[in-house]
Amino acid sequence: GLYLIKPSVFGIPITAPIMVKLTENEDVLTLSLPVLGLGNGSIQLGGPGIGGGYFSGRPVALYIHFKDEHDEFAEVKPSDVEVTVVSPDGKPLSVVTALKEKGKFVSEYNPPKAGDYAVDIKVTSVSLSSGKTCNASFVPLPQFKLSFDGDGLKGGNISKPLVFRVLFIDDDSKPVKVAPTLLGVSIVSDKTKDSVPVLVELKDEGVFEVTYRPATPGVYLISLNLLGTPINKQ
């Protein structure tokens, strides 16, 4: 979705809000700000910790990447980065921010319920959000049942890709609208335990298409999960 970010530099709000579109990648939002000696570098933000998504009752991650003017990861001290999160009822949450490698930080917090969370990211004296204009919204999972079809669940010839569908439906067998990030699929060889590359696409409302291509003949285990929680295995 589209999220409105109103950054401020040294306490002075930038008058023109920045409209950004979040994607499924870690590096989803780029703010070009002259801070921390980065010159013409940038700060990149991503992950459900700022993009929101379905409420799962589990911790969510916010990725913060720093790039210099050469698009290389920049040296930033952990003490220069501060992330605060406030719940919908105004209570501050515990946030753990860690430097994973040069220029790459990950912050984690655990939303206790669905709602809008105010996320504030400060890099020394520079705030990337003003007040509560930077929100991560978490919504409850919809009610649904699962249905499956397609030859990809029956096996086939390794000379061509195999395809099957996962359908989210209600009690009347009508499609249920869900987000592309809801379904996860992994496929491994029962013999070698090697993973097979999988493409999961939301083709229509409530209809996911899964494409995979085994490298060698054999039995393959297909595991499905919702937000990381296993739901089926065959």
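Under the 4.5 Å side-chain heavy-atom criterion for grouping Ile, Leu, Val, Met, Phe, Trp and Tyr, Tyr212 is not connected to Val207 through any hydrophobic cluster. Residue Val76 is not grouped with residue Val96 when hydrophobic side chains (ILVMFWY) are merged at heavy-atom distances under 4.5 angstrom, including chains of intermediate members. Under the 4.5 Å side-chain heavy-atom criterion for ILVMFWY residues, no single connected hydrophobic cluster contains both Ile169 and Leu183. Criterion: ILVMFWY side-chain heavy atoms under 4.5 Å apart, direct or through other members. Under it, Leu167 and Leu182 are not part of a common hydrophobic cluster. Under the 4.5 Å side-chain heavy-atom criterion for Ile, Leu, Val, Met, Phe, Trp and Tyr, Val185 and Val163 are members of distinct hydrophobic clusters.
Here the CG atom belonging to Asp204 is positioned 11.5 Å from the NZ atom belonging to Lys177, to the nearest 0.5 angstrom. The distance from the OG atom of Ser186 to the CG atom of Leu221 is 9.0 Å, given to the nearest 0.5 Å. Interatomic distance, CZ of Arg213 versus NZ of Lys160, reported as 10.5 Å (0.5 Å rounding). Within the model, atoms CD of Glu101 and CZ of Phe73 stand 7.0 Å from one another, a figure rounded to the nearest 0.5 Å. Atoms OG and OH, on Ser87 and Tyr109 in that order, are 11.0 Å from each other to the nearest 0.5 Å. Residue Ile187 holds its CD1 atom at 8.5 Å from CG of Leu224, rounded to the nearest 0.5 Å.
Side-chain N or O atoms of Lys193 include one that pairs as donor or acceptor with a backbone N or O of Asp190 at under 3.5 Å. In this structure, the side chain of Asp170 engages the main chain of Ser173 through a donor-acceptor pair within 3.5 Å. Panel note: side chain Asp172, backbone Lys174; no donor-acceptor pair is recorded below 3.5 Å. Checking side-chain atoms of Arg165 against main-chain N and O of Ser147 turns up no donor-acceptor pair under 3.5 Å.
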Review point. Should Lys191 and Val219 be marked as a side chain to side chain contact (heavy atoms under 4.5 Å, CB included) after you check the CA-CA gap, both sets of side-chain angles, and the distance that decides it?
Key: CA-CA 7 Å; Lys191 181 179 180 180; Val219 176; over 6 Å; no
Point to revise | Step-by-step side chain to side chain contact (heavy atoms under 4.5 Å, CB included) determination, Ile64 to Val81 | key: CA-CA 9 Å; Ile64 309 171; Val81 181; 4.2 Å; yes
Check your understanding: After noting the C-alpha distance and the side-chain angles of Phe148 and Leu153, does the key distance pass the side chain to side chain contact (heavy atoms under 4.5 Å, CB included) rule?
Key -> CA-CA 8 Å; Phe148 310 90; Leu153 294 173; 3.6 Å; yes
Practice item. Just do the side chain to side chain donor-acceptor pair (under 3.5 Å) check on Ser137 and Asp116 with the steps written out, would you? Key: CA-CA 4 Å; Ser137 297; Asp116 294 334; 2.4 Å; yes
Exercise for review: Give the C-alpha distance, both sets of side-chain angles, the deciding distance and a yes or no for side chain to side chain contact (heavy atoms under 4.5 Å, CB included) between Thr211 and Val198.
Suggested key: CA-CA 6 Å; Thr211 305; Val198 179; over 6 Å; no
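For the pair Val196 and Pro214, the tightest heavy-atom approach, listed with the atom from each and the gap, is CG1-N, 4.1 Å. Nearest heavy-atom pair, Gln143 versus Val176, reported as atom, atom and distance to 0.1 Å: O-CG2, 3.8 Å. Across every non-hydrogen atom of Gly49 and Val119, the tightest pair is O-CG2, 3.6 Å. Between Gly152 and Leu162, the shortest heavy-atom distance links the atoms CA-CB, 4.0 Å. Heavy atoms only, all atoms of each residue included: Val178 and Gly206 are closest at CG2-CA, 4.4 Å. Here the closest non-hydrogen pair linking Pro142 and Tyr54 is CD-CE2, 3.8 Å.
In this structure the side chain of Leu62 never reaches within 4.5 angstrom of the side chain of Phe105, judged on heavy atoms. Within the 4.5 Å cutoff, the side chain of Val210 has no heavy atoms near those of the Leu199 side chain. Within the 4.5 Å cutoff, the side chain of Tyr63 has no heavy atoms near those of the Leu45 side chain. Proximity of Val188 to Asp194: side-chain heavy atoms (C-beta onward) are nowhere separated by under 4.5 Å. Counting heavy atoms from C-beta outward, Glu72 and Lys67 have side chains that stay 4.5 Å or more apart. Counting only heavy atoms from C-beta outward, the side chains of Phe144 and Leu226 approach each other to under 4.5 Å.
Residues Phe138 and Tyr117 bring their aromatic ring centres within 6.0 Å. Here Phe168 and Phe208 bring their ring centres to under 6.0 angstrom of each other.
Ionic pairing of Lys113 and Asp89 is present here: one or more N-O contacts between side-chain nitrogen and carboxylate oxygen are shorter than 4.0 angstrom.
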